[in-house]
Every structure is written in structure tokens, then in C-alpha cells.
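First up is the structure itself, then whatever we jot down about it.
When reading the values below, keep in mind they use all heavy atoms of this one structure, side chains included, and skip hydrogens, waters and symmetry mates.
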Amino acid sequence: MLDIRLLRDDPEAIKSRVKTRGGEAWTLIDEILVCDEKRRSGETEKQQLQSERNRISKEIGQLKKSGEDSSEVEAEVRKIGERIKSIGEEVDAADARQTELLLQIPNLPHEGCPVGEDETANPVIREWGEKPSFDFDPVDHVELARKNSLFDFELGARVSSSGFVTFTGIGARLERSLIQFLLDLHTTEHDYREVSPPFIINRDSMFGTGQLPKFEEDMYGLEDGSYFLAPTAEVPVTNLYREQLLSQSDLPIKMTAYTPCFRREAGSAGRESRGLIRMHQFDKVELVNIVRPEESGDFLEELTAEAELVLQKLGLHYRTIELCTGDLGFSSAKTYDIEVWAPGHGGYLEVSSCSNFFDYQARRMKLRFKDEEGKNRFCHTLNGSGTALPRLYVALVETYQQSDGSILIPEPLQPYLGTDRIGA
RNA sequence: GGAGGGGUGGCAGAGUGGUCGAAUGCGUCGGUCUUGAAAACCGAAGUGCCGCAAGGUACCGUGGGUUCGAAUCCCACCCCCUCUGCCA
């Protein structure tokens, strides 16, 4: 949520920054300011009346104590009470509307954010490694899975529906090994504290990180929308600190979590989602940082490097891009995407998205800390995938496939999988 | 699921209709003392909102209600604890 004071101070500047994202959210800003004005003037009037009421009520107490008649004054106060109530209702309505609208305004893109309409305008920041070359025609992960019985979409559909998969045998163990490898990496080399949160999430938390109110239809709702299946561990993990007042020495907080993620992904079937690439349920190891505002820029670089190290350790070629204004997620101010090369697929796959939310989420969830002057300030929150599992899996098997259909396992993963090769 | 108890400031914990934004302790910050620290002593300090400011106002789990006036009384809901049932 944006600070209302930003909107008051320079609405046109804010509008134009919001506009760079595309969409129509900026058109709500005028109404927000109308509500704000209405709310504030109503509040002032209401408070004057309340002050009046408090004063007179005290007099009544005095009168009663000394045994005098107070019925006339009581009638007067009753009238004030009625006016307070009616003005209060107007103020509440304006306040509710203002909040409702404000929740729909996305975060402001970072000042240095490249301006562009869509993903074609995202600059590549760096690349690591090279595309592997093959002396045979590499196949895609779906074919490799068929040859080696790694996973089965029909078995996913039988017990659930399309968009779900069942990993089998060594294929299931590979998934589990990757999760273990990632958690161990981040907790031992990157100083993360591991948490294992609930997967069923309440509405307040979904508002806190920005999934609600705008993206309710993308989520799996439970119990009439009172709860949701977690779309990403970002939600439960960041919200562990919702409505907390931290002391400065608590920061930075770095947490990692493995969770499955559940997304409806409505209307996104097709070539770009073949095989494991876009599922309704997928595993992910997430990295979450809660930091002091002046440090969040550095932490985004660090967080991104931590995610990149995963791919380096596994020897997978990737590139890192920065999202332009038009491609930036709703709550994010600055985002790097890490895209791993999948030779069978013949393209790059997004395996990680690392974002700095500034105080946008913290303001929504009232997550603050006491600074050195004793002032309460909103923290900055960041998160990044470290990494998403299915696409990592895809890149791994496609990169290390052999001409006979077997798959070599990179050295760091071997202790987890208990072998250096799958198949043949 | 059943029975009982409870949710108050960063934390713990008093407070059952007006003088309570709220005792006290811990923790925090400033000072005295000390070479420095600790201890001791003195002092400061809740959060949001409205207001240029002075100041005002709201907030005692959440939402309603009673009342001239609610942390305090009533209703509903949420959460936590203890006991108990079922159970991975």
C-alpha cells in the first residue's frame, strides 16, 4: 500500500509513475484524494463534537456527585451523541472506500526501473555459463521423464485434474533431493533460518503481501474464501511478522522455507506450459528478507546472488534480467528474474523472481521496527525463489541428458540422490 | 467435538461504570557516579489519526449493543491455555 501522503503531496507525479506499469489503476487516484479530503474534514468535526461530549459528561459526573439535577444536560449530550454517530458513519464510509481503492494501487516502480510495456523491454543484466552443446538431438524433459519413469501426468490427473503431476520412483527422489539441497545451501552458506509454515492461509495474510484483493481469482479458496492454499511461501513466511514492532537488532531477518505452491493459472495452457513448466501445484524453496529501509537495495543484490548460486552449483546456464515497469509484479518496486536455459525446451525458463517491495507490503501488514531514534518505521521486505523446483528440474534433466536417454547428476546433488546417474 | 480459564503498552501484569491512556516490574533511552562497565540512584518514553500549531481524538482480541459516560456491563465472533474425547 502506498503512503497516502505521497498521493496528497504530488498526485500527478504518482499518477505518472503508476501509469508506467500500464493498466488503469492510476485513474483511481483522484477518487482516493476526494475520500481523503472528506474523511479528514469529517474527522475534525467529529473530534470537536467528541471533545464537547467528554467535557459535558464530566460535568454530569460532578453534578450527580453533588446530588444536583442533570437531566437537562444529559439531553444535550444525547443530541451531540447522535450527531457524532451520523458524522462517524460518513467518515467510516469515506475511510473504507479510500482503503479499498488504495489497496488496488500497485507499488511504485523503483526510480531506476527501466520503462517498458512488457517483457520484451526487460534488459539482460548478466549471464552465467554457456548453453550446453550436444552431439545428438536433445529431447525435452517430458520425453526424458517417459524414458526414465520420472513423473506421470496421467497419474496426476487421475487423483486430481490436469495441471497436476505425480513424481515416481527416482523421479520423486530427485524432486526431494533438490528441495533438500536448496534448503541446506541457504541455511548453511547463506545464513537463513529455515521455517516450515502452514500451507493454508487466512485472508489477512493474503492482503498483507498483496495477493488480495486484486488476485483472488488466481488463488484456490477454501471455506467460502476465508482461507486460501498458499500460492507461494512468500505469503506465510513474510506474514509471520505481520503486525509486529521489531527492534533494530532483530534485523535483518532471513528466512527460507520449502512449500508447495497452488495457483489456478486459468487460461494459460499451451506450448509455453508443456510438461512441468506451469502446474497448478508445484514445489518451491523461497527466500524472504525483512530489513531496514536503507539496506534493502543491497539485500536485493545479495538475495539474487544467493538464488543464482543454486544454478552455479548445479552447473546450469542462466541469465538474469531486470523487469521493466510494464512487467513488474503488483507489489514489487524492483525485480530481477533469473532464467535458466532448458536445452530440450529450447528456451529460457524463469526459475526465480527476486523482488524488493520497499515498505509496500510492510505498510499493508503493519510490520515496523524501532529505529535508533526510537521512531517506529516500516521495514522493507524482499523475497525471491531459491528456486522454483519444476523448472529447475526441467533444466537439470535436459542439460545433463545423454544420448542414451540417461541423465548425469551434478556432483553437489549426488549425496542427496544416492547416485551419479539416472537410467541406462 | 465437550468443559473450564483467559486475551490490557516492546514483554510480563494490575485494574469491574466517571478523577484510567491505564499502577507496578522487566526491557529501552538520557543523566549522576565510574578509568570504563556493572550495580545503585534520578529522569524520559505507548500507537494511530485530525490539526500549520497549540492541542484534540481514538485505541485495553475483533465487531455490535447498553449508558450522559465503557478497559470495566450485555451479545456475537476470533484466538490462546488447561482438562477431556476422537485421531495422523
For [N], which nucleotide is its Watson-Crick or G-U wobble mate, given both distances must be under 3.5 Å?
N	result
B:A22	none
B:G1	B:U84
B:G43	B:C29
B:C60	none

Inter-nucleotide [atom1] distance ([N], [M]), Å rounded:
N	M	atom1	result
B:G4	B:A88	P	28 Å
B:A58	B:A70	P	9 Å
B:G15	B:C20	C1'	9 Å
B:A45	B:G31	C1'	15 Å
B:G64	B:C80	C1'	23 Å
B:C79	B:U8	C1'	15 Å
B:G5	B:A23	P	28 Å
B:C33	B:U72	C1'	45 Å

For [X], report the nucleic acid contact type (base, sugar-phosphate, nothing); a contact means any heavy atom under 4.0 Å.
X	result
A:K46	nothing
A:R55	nothing
A:L245	sugar-phosphate
A:R8	sugar-phosphate

Give the rounded distance in Å between these two atoms: [atom1] of [X] and [atom2] of [N].
X	N	atom1	atom2	value
A:D95	B:C50	CG	C1'	12 Å
A:K85	B:U67	NZ	P	11 Å
A:D250	B:G27	CG	P	17 Å
A:I80	B:G56	CD1	P	17 Å
A:I84	B:G69	CD1	C1'	11 Å
A:Q47	B:G56	CD	P	11 Å
A:M365	B:G48	CE	C1'	19 Å
A:K370	B:G27	NZ	C1'	12 Å

Quiz item: With a 4.5 Å heavy-atom cut-off, do A:L367 and A:E243 have their side chains touching?
Solution: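 When only atoms from C-beta onward are counted, A:E243 and A:L367 do not touch, as no gap falls below 4.5 Å.
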
Any side-chain N or O of [X] less than 4.0 Å from the OP1 or OP2 oxygen of [N]?
X	N	result
A:R368	B:G48	yes
A:S51	B:U57	yes
A:R39	B:C50	yes
A:N54	B:A58	yes
A:K366	B:C59	no

Exercise. State which of B:A58, B:G51, B:C68 makes the closest approach to the side chain of A:S57.
Key: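 Of all the options, the side chain of A:S57 is nearest to B:C68.
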
Quiz item: Between B:G51, B:G69, B:U47, which nucleotide has the shortest distance from any of its atoms to the side chain of A:N376?
Solution: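 Looking only at heavy atoms from C-beta outward on A:N376, the closest nucleotide is B:U47.
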
Quiz item: Closest nucleotide of RNA chain B for A:I4 versus for A:Y227: which of these residues is on the 5' side?
Solution: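 Final value for this comparison: A:I4.
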
Practice problem: Specify the residue among A:T44 and A:K375 whose closest nucleotide of RNA chain B lies further upstream toward the 5′ end. | Solution: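 Here A:K375 is the residue nearer the 5' end.
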
Quiz item: Do A:E175 and A:Y393 have side-chain N/O donor and acceptor atoms under 3.5 Å apart?
Solution: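 No, no side-chain donor-acceptor contact under 3.5 Å.
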
Quiz item: Ring centroid separation for A:F358 and A:F378, is it under 6.0 angstrom?
Solution: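 They do not qualify: ring centres at least 6.0 Å apart.
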
Quiz item: With ring centroids as reference points, do A:F228 and A:Y220 lie under 6.0 angstrom apart?
Solution: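 Not under 6.0 Å, so no.
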
Quiz item: Checking A:K15 against A:W26: charged group under 6.0 Å from the ring centre and within 45 degrees of the axis?
Solution: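 No cation-pi geometry.
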
Quiz item: Closest heavy-atom contact between A:G386 and A:L182?
Solution: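 So the two residues come closest at O-CD2, 3.6 Å.
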
